[in-house]
Amino acid sequence: MKSSNIGGQAVMEGIMMRHKDKYAIAVRRPDKEIELKVEDYKCTFGKAAFLKWPIIRGVVSFVDGLVVGTKCLMYSAEIAGDEEDEKEAAKNATLTEEELSAKKAKEAKQFQWLLYITVAISIVVSVAAFMLLPYALASLLRKVGASEVGVTVAEAFVKLALFMGYMILISRMKDIQRTFMYHGAEHKCINCVEHGLPLTVENVLASSRQHKRCGTSFLFLVMIVSIFLHFIFVLVPGYWVRLFGRLLMVPIVSGVSFELIQWAGRTDSRLADILSKPGLAMQKLTTKEPTADMAEVAITAVEAVFDWREYLKEEFGWKPEENEEKNADI
């Protein structure tokens, strides 16, 4: 499989796809039409050269992905609930141009603040729940004489149990299941192109819904990398030093995990396959088989930012005219 460097995520009733310096959000409106928005991608941290260094780029990508992803989720929620927009449009019709301009500027500022606050809360809650809480719970074993090695081993099991429990819990929620179907459509779209197939609804639906570069795989890899790196603290004296040491390790853990998942996505080596298997297995929970109309949304998002025809010509020697002749024969 040849990497296309397309990335994306599922949003409410739609999909965000990103490639190089652009990203597109395609959302199925309540009237069944597809709403498409294309924007230039701008890194939250700027364009400094050091931001692309190994490990650092992983931290940047993780935080930036949260910012862009949350922004897209908020936008898709607005489009998916479009009935309220009609009432808002009626109110806006009574405003002068100056009042409307001032209102939009105020809403944009409020949206920006809400975006950053949401991302900050997400990071704090995630770190507390999956990095600090497992160690705090495992440390209770000291009351029965457990050593620091025993506590760290127990922490690993608690961490995995919390992560798996969280994934299983949200996968059973009805609203989330539709999002997971769009998640499956996103993966199928990327797999379709990266396996040299024209981007049609039929080809997309026939493709795999599992992909090595998935965010689920990344999160699972973060869990595994943190388990191994946290053994460093076995030799560190003091409970609070070990606890906050784990907090300071978060950027390193995310950076190392990013490098590993990027490498696994670029190669078909046996080692990469082995490292990818647990994450791919987790994707059975976080992706579901999409419908044809969901595949259409995914294709719309891909085509807005990526020339898949040119990619197939360059990487696979695809000839559109031959494909058309085959379709004519059928």
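Since the structure is predicted, the reported quantities are computational estimates derived from the model, not experimental observations. All values below come from the heavy atoms of this structure, side chains included, with hydrogens, waters and symmetry mates left out.
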Is any side-chain N of the basic residue among Glu194 and Lys212 closer than 4.0 Å to the acidic one's carboxylate O?
no
Under the side chain to side chain contact (heavy atoms under 4.5 Å, CB included) test, which residues partner Ser217, sequence neighbours left out?
Cys214, Ile261, Gln283
Step-by-step side chain to side chain donor-acceptor pair (under 3.5 Å) determination, Tyr135 to Arg242:
CA-CA 9 Å; Tyr135 181 65; Arg242 289 191 291 265; 2.8 Å; yes
With a cut-off of 3.5 Å and sequence neighbours excluded, list every side-chain donor-acceptor pair involving residues 231-240.
none

For residues 257-294, the ring pair (Phe, Tyr, Trp, His ring centres under 6.0 Å) pairs (sequence neighbours left out) are none
Could you tell me which residues satisfy side chain to side chain contact (heavy atoms under 4.5 Å, CB included) with Leu205, sequence neighbours excluded, listed by chain and number?
Val201, Pro290, Ala292, Ala295
Begin with the C-alpha distance, continue with both residues' side-chain angles, and end with the deciding distance and a verdict on side chain to side chain donor-acceptor pair (under 3.5 Å) for Thr216 and Thr286.
CA-CA 7 Å; Thr216 303; Thr286 61; 2.9 Å; yes
Give me each pair satisfying ring pair (Phe, Tyr, Trp, His ring centres under 6.0 Å) with a member in residues 19-38, each pair once, sequence neighbours excluded.
His19-Phe306
Name the orientation class of the two ring planes belonging to His187 and His211 (parallel below 30°, tilted from 30 to 60°, perpendicular beyond 60°).
tilted
Is the Phe130 ring parallel, tilted or perpendicular to the Phe163 ring (thresholds 30°, 60°)?
perpendicular
Whichever hydrophobic residues join Ile117 through chains of side-chain contacts under 4.5 Å
Ile121, Val125
Spacing of CD1 belonging to Ile227 relative to CZ belonging to Phe157, to within rounding of 0.5 Å
8.5 Å
Taking 4.0 angstrom as the limit, do Lys37 and Glu39 come out as a salt bridge?
yes
So does Tyr166 have more than 12 non-hydrogen atoms from other groups sitting under 6.0 Å from OH?
no
